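Below: the structure, in structure tokens.
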Number of protein chains: 2
Amino acid sequence: MPRGATLRDVADKVGVSPRTVSRVVNDEGGFSEATRVRVLEAVEDLGYQPNMLARGLITRRSGTVGLVGVDMTDPFFAAMADGIQNAARETGRTMFFASNDGDPQRQAEVFRSLWSHAVDGVIVFPAPGTIDQLAGYARRGMPLVVVDDIVEFPNLASVSFDLEDGAVKAAQHLLFTGRRRIGMIGSEITVPRTRRRERGFLQAFANPPTGAQPPELVRVRPTVSGGADGLQTLLERRPDLDGVFAFNDSMAVGAMRAAQASGYRVPDDIAIVGCNDIEMSALVNPGLTTVRLDRPRLSAEAIRVLHELIEEPTSNPTPVVLPVELVIREST
Amino acid sequence: MPRGATLRDVADKVGVSPRTVSRVVNDEGGFSEATRVRVLEAVEDLGYQPNMLARGLITRRSGTVGLVGVDMTDPFFAAMADGIQNAARETGRTMFFASNDGDPQRQAEVFRSLWSHAVDGVIVFPAPGTIDQLAGYARRGMPLVVVDDIVEFPNLASVSFDLEDGAVKAAQHLLFTGRRRIGMIGSEITVPRTRRRERGFLQAFANPPTGAQPPELVRVRPTVSGGADGLQTLLERRPDLDGVFAFNDSMAVGAMRAAQASGYRVPDDIAIVGCNDIEMSALVNPGLTTVRLDRPRLSAEAIRVLHELIEEPTSNPTPVVLPVELVIREST
DNA sequence: AAACCCTACGTCAACGTTGACGTAAGTCAA
DNA sequence: TTGACTTACGTCAACGTTGACGTAGGGTTT
């Protein structure tokens, strides 16, 4: 609720019209050097700050971007959010943040709100089954970047990691280091990116080495405790399990704790590979082997593509897919 | 850049004036049941969404709140942000998020931007030495809640944890369990809340048990690697160190790793107590004894006080100080 | 029947800014 | 000297909404 100085206040003080002050403030040209100096002095004196609501109303640019994620407390996402927020600031935009909790209905609320606030664009980690919802907003003219999912729609870009390849690398590493009875703890939240990890994992078993058993797959909540539950289920099905690939590092850590609690040694009895390389992964004992994602790069690409879309709404950027890398620590 | 239906579109479709549609949408009364039904039908048909920029311009309420933190990737802060975001949504407000990186100048930029966007209020984890900056915005009429710092200014509320007491409890626990050569790893970022932890820590040594040495204090970056460096420094000063209290859990984990890397056993040789109880703390080995903070409660109080301030700008809420609790795990 | 109130609208201006366009004075070329 | 162009402004309307106020028609009271 600002009650600060307006263009008119500055204009009155200097003795010009508000339009001229506006021109100086936005550096549009069409004013003399002398005027510029006097206007900027008055701006300083009065502490004038442009009102983005009024400006946005007429320019149809509010100077804001939205970031919609699944869960802000996920360290992977928090790191992304931080990068995006910084990148947005550099282009003079302020960031709205909201989480969708993986719930399509909540995401719908969030988008209604962002639309009302006339955001210039949104970067979204979509809730399951919301591609149509998102495509609808894209069609209505909202520049939209979907992260970690590959989609192709007009006005809708996507940026993702090559997690299929990551899962292949993880599974191959387990097989290569001699594991033969391998399970995967997947996520019960099923969006395409979830499925790509499973697909890559299974794909690695297309030509299995001798002795490799067909892989087991369970799907649980993508949290530490979910990972623990997942490992329990895998062990019930196959007590001689000797390798696990988890959907993300939080789950991998949960699985590691559960395995240790059940008397299994890691990596001697069971090798564990995670995905994401969050900070915690290097700090647990043993250190977690995991698929590393270049998050700063993802943030940068997402913002870059979003701005492309904002500046040139008709452009149809090709989906960006970033490579991943396996980091080997002590858990395998 | 929404180009959606406006009040006028809805009004034309129904055959009433925009003002009547506005009354129905905002449920102000002064319309017949028949009109209400027909307007809401048209709203639905056209997918009308109020334009918050226009509304905010006239009501001086933008329907947004700001959250300004030090570092979004700090898990403690992420949890707070999530709680605040949810609470804000429940009152129909959308949350801006920005981090100040502990830098007063950056925080100034952030506040300029938020002011321009006419936020209804801001919750801030202040950068060091910015109380005057904040008080300035409060004086200009921006409802402001400072978290984790005690301040008293008009239009400026504060909510914090009793970290002085937390530090007392941590130090007393170390002393009570027989530790006598104790160090503290503090934060080099010095805001009042930092100092309170140090003050509490030192206070516990006012009447030391027999044999207790005067405590050592180092100040480092509040990160995992900073914690590791801090422990190194403490060990250089006092190789027979047997207890450590760290400013936060990330640092405590860093210190734990550094101690183990130097051949000390935890807790046998050195006991470690952290502060904050982040998720990681229960997962490291050994589990970290730490001061638990009720973060959902802090989020809830911050939002509650902020709304109080928004609704009643003249109210002068008393600072809220929340109790803390020591959680004993295996690191002591 | 006059005076009053209530209901259900409509009208108009304003929020602070910028897009579109107008214009007086000065500059320049033919 | 005239016409065209440029510079440095000003004027006006519009963005979409709500606050303030007006009013026609019906009902109720005196």
Side-chain angles (χ1 to χ4, degrees), chain A residues 1-40 42-43 46-64 92 112 115-120 140-141, chain B residues 1-40 42-43 46-64 92 115-120 141:
Chain A
M1 41 167 8
R3 181 112 189 89
T6 71
L7 281 185
R8 159 143 281 112
D9 297 329
V10 177
D12 289 349
K13 176 154 188 174
V14 177
V16 293
S17 76
R19 191 67 186 79
T20 295
V21 178
S22 168
R23 274 190 271 254
V24 171
V25 168
N26 294 355
D27 203 21
E28 289 177 33
F31 45 82
S32 69
E33 177 61 16
T35 305
R36 193 184 68 85
V37 171
R38 287 169 52 227
V39 166
L40 289 182
V43 163
L46 298 174
Y48 167 78
Q49 292 281 120
N51 181 324
M52 296 301 280
L53 302 187
R55 179 183 284 178
L57 194 53
I58 187 155
T59 61
R60 307 189 156 280
R61 290 279 169 97
S62 63
T64 59
R112 261 197 295 280
W115 179 267
S116 265
H117 283 286
V119 288
D120 295 338
R140 288 212 265 165
Chain B
M1 41 167 5
R3 181 110 191 91
T6 70
L7 280 184
R8 159 142 282 110
D9 298 328
V10 177
D12 288 350
K13 176 154 187 172
V14 177
V16 294
S17 77
R19 192 65 186 81
T20 296
V21 178
S22 168
R23 274 191 271 253
V24 172
V25 168
N26 294 356
D27 204 20
E28 289 177 33
F31 46 81
S32 68
E33 176 62 13
T35 303
R36 193 183 69 85
V37 170
R38 286 167 55 227
V39 166
L40 290 182
V43 163
L46 298 174
Y48 167 78
Q49 293 280 121
N51 182 325
M52 297 301 280
L53 302 188
R55 179 182 286 177
L57 194 52
I58 186 153
T59 60
R60 305 186 161 281
R61 291 277 168 98
S62 64
T64 60
W115 177 268
S116 263
H117 283 287
V119 287
D120 294 337

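Naming convention: chains lettered A, B, ... in sequence-line order (proteins, then strands); numbering from 1 in each chain. All values reported here derive from a predicted model rather than from experimental measurement.
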In whole Å, what is the span from the CE atom of Met52(A) to the C1' atom of dG16(C)?
13 Å

Taking only side-chain N and O atoms of Thr35(A), does any of them lie within less than 4.0 angstrom of OP1 or OP2 on dA8(D)?
no

Could you work out how much the helix from dA1(C)-dT30(D) to dA30(C)-dT1(D) bends, comparing the axis of its first five pairs with that of its last five, to 10°?
50°

Starting at CZ of Arg61(A) and ending at P of dC15(D), how long is that distance when rounded to a whole Å?
18 Å

Backbone of Pro50(B) reached by a side-chain donor or acceptor of Ser116(A) within 3.5 Å
yes

Heavy atoms, side chains only, cut-off 4.5 Å: are Val21(A) and Val14(A) in contact?
no

So do the side chains of Val24(A) and Leu40(A) get within less than 4.5 Å of each other, counting heavy atoms only?
yes

For the pair made of CZ in Arg38(B) and C1' in dC9(C), what is the distance, rounded to whole Å?
12 Å

Pair His117(A)-Thr64(A), side chain to side chain contact (heavy atoms under 4.5 Å, CB included): steps then yes or no
CA-CA 9 Å; His117(A) 283 286; Thr64(A) 59; 5.7 Å; no

Could you give the CG-to-C1' distance, from Leu57(B) to dA14(C), as a whole number of Å?
9 Å

How many angstroms lie between atom OG of Ser62(B) and atom CG of Leu57(B), to the nearest 0.5 angstrom?
11.0 Å

Arg8(A) CZ to dT11(D) C1': how many Å, rounded?
11 Å

Please produce a list of atom pairs where a protein N or O lies less than 3.5 Å from an N or O of nucleotides 18-28 of chain D.
from: dT18(D); atom 1: OP1; to: Asn26(B); atom 2: ND2; distance (Å): 2.7
from: dT18(D); atom 1: OP1; to: Arg55(B); atom 2: NE; distance (Å): 2.9
from: dT18(D); atom 1: OP1; to: Arg55(B); atom 2: NH2; distance (Å): 3.4
from: dT18(D); atom 1: OP2; to: Ser22(B); atom 2: OG; distance (Å): 2.4
from: dG19(D); atom 1: N7; to: Arg19(B); atom 2: NE; distance (Å): 3.2
from: dG19(D); atom 1: N7; to: Arg19(B); atom 2: NH2; distance (Å): 3.2
from: dG19(D); atom 1: O6; to: Arg19(B); atom 2: NE; distance (Å): 3.3

Give one of base, sugar-phosphate or nothing for Thr20(A), where a contact means two heavy atoms less than 4.0 Å apart.
sugar-phosphate

Straight-line distance of Asp120(B) CG to Thr59(B) OG1, nearest 0.5 Å
8.0 Å

For a 4.5 angstrom cut-off between non-hydrogen side-chain atoms, does Val37(B) reach Glu33(B)?
yes

Would you say dG10(D) has OP1 or OP2 under 4.0 Å from some side-chain N or O of Ser17(A)?
yes

Whole-Å distance, Asn51(A) CG to dT17(D) C1', equals 14 Å

note: Arg36(B), atom CZ; dT7(C), atom P; distance rounded to Å ~ 17 Å

Can you name the side-chain contact (heavy atoms from CB on, under 4.5 Å) partners of Ser22(B), sequence neighbours left out?
Leu7(B), Arg19(B), Asn26(B), Glu28(B)

Is there a side-chain contact between Val25(A) and Tyr48(A) in this structure, where contact means two heavy atoms from C-beta onward sitting under 4.5 Å apart?
yes

Rounding to a whole Å, what distance do you find between Phe31(A):CZ and dG10(D):P?
13 Å

